[in-house]
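To start, the structure itself, in structure tokens.
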Amino acid sequence: MATTKAPDAGRRSDRSRRAIHDAALALVTEQGYRRTTIEGIAARAGVGKQTIYRWWPSKAAVLMDAFLDLAGRAAEDTDGAPQSDGAASSGGSAPGFPDTGDLAADLKTVLRATVDELNNPVLEAVTRALTAEGIVDAKLGAEFVQQLLDPQLALYVTRLRAAQEAGHVRAEVDPRIALELLIGPLMHRWLLRTLPLTHAYADEVVDYAVGGLTPRA
């Protein structure tokens with residue numbers, strides 16, 4: 001008699017988690033964060049809502065986990081793709097951040113990619129939802145910063161410190177403050193929708209910021 005293989009609970013669990021992630025991201029994109037519910041996510045994913053509550057305490061936690069998973073998959077795709085000439089590494093840069101020896105050019109490469117991500121309709125609704133919810137939910141906001149933002153900001157710090165060591169940035173400049181001169185304007189324009197967020201704007205932000213960071217004659 002042929003033996004019946006027991007179901008792989010781990011694989012089933014992974015499939016369910018991915019279905020829940022995909023459902024949460026799709027619903028927030030389609031109808032916004034406020035109208036998205038645990039019941040709606042469960043129905044879209046084809047699972048019971050108790051399954052969701054077994055793994056996550058709230059809708060915000062589901063969305064955070066889904067977004068981090070999406071960001072991780074996007075990073076894997078980027079790591080596996082060939083780099084453009086503008087993103088070629090000289091060997092001293094942090095992974096994911098170019099170091100061609102031209103600080104302004106490298107920052108423009110990264111900020112242009114940031115503009116593309118913020119304008120990506122797949123990511124925009126979710127990023128806005130988590131940003132807004134993180135303002136009123138301090139715990140969620142801290143998790144968003146710790147798990148997603150801090151690792152990205154650390155890449156800026158590493159690149160700016162390398163520029164300091166090369167004499168391209170003044171030694172007294174605080175890299176953590178300097179990176180906010182670069183990222184802050186983009187986030188302000190994107191969050192408040194004051195004007196279009198474009199590559200040209202990102203380039204100008206870099207030019208203005210780098211002009212204040214470089215050594216004075």
Side-chain angles (χ1 to χ4, degrees), residues 10-49 51-84 87 94-98 109-156 179 182-183 186-187 189-191 193 197 199 202:
R11 183 174 297 177
R12 185 170 65 247
S13 175
D14 287 342
R15 283 199 301 266
S16 295
R17 283 178 181 272
R18 178 56 56 83
I20 293 166
H21 286 169
D22 291 344
L25 294 170
L27 287 172
V28 169
T29 300
E30 292 168 10
Q31 60 189 33
Y33 179 78
R34 295 297 177 189
R35 295 179 60 191
T36 298
T37 63
I38 291 291
E39 290 78 9
I41 294 171
R44 174 70 70 94
V47 302
K49 68 178 183 179
T51 298
I52 296 179
Y53 281 121
R54 186 164 64 245
W55 291 328
W56 297 281
S58 66
K59 174 179 70 173
V62 176
L63 188 60
M64 170 69 76
D65 204 19
F67 187 75
L68 290 171
D69 179 62
L70 180 64
R73 282 183 279 162
E76 288 175 2
D77 291 342
T78 300
D79 290 342
Q83 290 183 319
S84 67
F97 209 115
T109 295
V110 173
L111 288 194
R112 282 181 171 222
T114 301
V115 166
D116 291 340
E117 290 176 3
L118 292 174
N119 287 332
N120 183 338
V122 175
L123 300 175
E124 181 178 13
V126 183
T127 307
R128 286 188 182 278
L130 286 171
T131 301
E133 197 65 17
I135 294 173
V136 297
D137 183 338
K139 183 178 179 181
L140 178 70
E143 184 180 358
F144 186 70
V145 170
Q146 180 182 12
Q147 296 197 43
L148 189 68
L149 294 185
D150 278 348
Q152 296 178 358
L153 298 181
L155 299 179
Y156 281 86
L179 70 87
L182 298 158
I183 298 172
L186 266 65
M187 294 305 298
R189 181 172 285 205
W190 177 74
L191 279 171
R193 297 187 174 96
L197 187 62
H199 286 179

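For the pair Ile183/Leu153, a side-chain contact is recorded, criterion being any heavy-atom separation below 4.5 Å from C-beta on. Under the 4.5 Å side-chain criterion, counting only non-hydrogen atoms from C-beta, Trp55 is in contact with Ile20. Using a 4.5 Å heavy-atom threshold, the side chains of Thr29 and Pro121 count as separate. Leu118 is listed as a side-chain neighbour of Met187, based on a closest heavy-atom distance under 4.5 Å. With a 4.5 Å cut-off on side-chain heavy atoms, Met64 and Leu148 do not count as touching. The closest side-chain heavy-atom distance from Val110 to Tyr156 is below 4.5 Å.
The distance from the OG atom of Ser13 to the CZ atom of Arg18 is 12.0 Å, given to the nearest 0.5 Å. To the nearest 0.5 Å, the span separating CZ on Arg193 from CZ on Arg128 amounts to 3.5 Å. From Leu68, atom CG reaches atom NE2 of His21 across 8.5 Å, with rounding to the nearest 0.5 Å. Here the CD1-CD1 distance, from Ile38 to Ile41, works out to 4.5 Å after rounding to the nearest 0.5 Å. Between Tyr33 atom OH and Leu27 atom CG the span is 12.5 Å, to the nearest 0.5 Å. In this structure, CG in Asp65 is found 11.5 Å from CG in Leu70, a value given to the nearest 0.5 Å.
Smallest separation of non-hydrogen atoms from Ala60 and Leu130: O-CD2, 4.3 Å. When all heavy atoms of Leu111 and Ala202 are compared, the closest pair comes out as CB-CB, 3.9 Å. The heavy-atom pair separating Ala23 from Arg44 by the smallest distance is CB-CG, 3.4 Å.
Among the candidates Lys139, Gln146, Gln147, the single residue satisfying the side-chain hydrogen bond (donor to acceptor under 3.5 Å, both in side chains) test with Glu143 is Gln147.
Under the side chain to side chain donor-acceptor pair (under 3.5 Å) criterion, Asp116 pairs with His199, not counting sequence neighbours.
For the pair Glu133 and Lys59, the salt-bridge criterion is not met [side-chain N within less than 4.0 Å of a carboxylate O].
Taking the six-membered ring where the residue is Trp, Phe67 and Phe144 present tilted rings, their angle falling between 30° and 60°.
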